[in-house]
Engineer: 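Take this structure first; my questions come after.
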Amino acid sequence: MRIGELAERTGASRRLLRYYEEQGLITPDRALNGYREYGEPHVYGVLQIKGLLDAGLPTRIIRQILPCLDKPRSIYPPEVTPEMIVTLQHEQARLSERIEFLIRNRDAIADYLHMVAGDKVAGAGPGSGGRPQHYESHSRRRRLPALPLRRRDRCTT
DNA sequence: GTTCTTACA
DNA sequence: TGTAAGGA
């Protein structure tokens, strides 16, 4: 498929898909006319990349742990280097911190909501349509004040 | 009409 | 990232 279709199927803009390629995250084939040609694996790959990026991983890490997803290559490379393990452990710790950070702020918001609007709106919100959202570790957990969001470290190369 | 590269806001 | 230019 060409870039347009991949864009539709992944929700990533064509611009972004070209950017991923520039960053070495995906490597599509080229048709004779120069058009990029993507395969089915790329769809999953792009989704994977989006998720990792959303989790806050810099592209250089992703490029490292995602050894080219073009061809039918194993996702868990036998070439896992010790240094890769270390970086992944680092990322894991970073994600844990971020999760705690998010939980703390989410709870702070819930408290604020209780304070200004009462139970009728607590726990609900945009995008939570229908899902049973129970943040009921409430009564027990120690309430903490909201924290300012720290600027995410971003890596261009 | 779709895609390509380069470059600027 | 979006968008415009100039081609294929």
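We name chains A, B, ... by the order of the sequence lines, and we start the count at 1 in each one. In what follows, every heavy atom counts, from backbone to side chain, and hydrogens, waters and symmetry copies are set aside. For clarity, every value in this text was computed on a predicted model and none was experimentally measured.
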Engineer: Which residues satisfy the side chain to side chain contact (heavy atoms under 4.5 Å, CB included) test with A/Leu88, sequence neighbours excluded?
Structural biologist: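 Side chain to side chain contact (heavy atoms under 4.5 Å, CB included) check on A/Leu88 returns A/Ile65, A/Met84.
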
Engineer: Residues in ring-ring contact (aromatic ring centres under 6.0 Å, His included) with A/Tyr20, at least two apart?
Structural biologist: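 For A/Tyr20, no residue satisfies ring-ring contact (aromatic ring centres under 6.0 Å, His included) once neighbours in sequence are set aside.
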
Engineer: Counting primed atoms plus P, OP1 and OP2 as sugar-phosphate and everything else as base, spell out the protein contacts along nucleotides 2-9 of chain B at 4.0 Å heavy-atom distance: B, S or - for each nucleotide, 5' to 3'.
Structural biologist: BBSB----

Engineer: Which residues pass the salt bridge (Lys or Arg N to Asp or Glu O under 4.0 Å) test with A/Arg9, sequence neighbours left out?
Structural biologist: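 Once residues adjacent in sequence are excluded, the partners of A/Arg9 under the salt bridge (Lys or Arg N to Asp or Glu O under 4.0 Å) criterion are A/Glu5, A/Glu40.
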
Engineer: Only counting residues at least two apart or in another chain, list the ones meeting side chain to side chain contact (heavy atoms under 4.5 Å, CB included) with A/Tyr35.
Structural biologist: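 In terms of side chain to side chain contact (heavy atoms under 4.5 Å, CB included), with neighbours along the sequence ignored, A/Tyr35 is linked to A/Arg2, A/Ala31, A/Asn33.
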
Engineer: Go through the structure and list residues passing salt bridge (Lys or Arg N to Asp or Glu O under 4.0 Å) with A/Arg36, not counting sequence neighbours.
Structural biologist: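 With neighbours one apart ignored, the set is A/Glu21.
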
Engineer: So which nucleotide does B/dG1 pair with, by the Watson-Crick or G-U wobble rule with both distances under 3.5 Å?
Structural biologist: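 Pair assignment: B/dG1 / none.
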
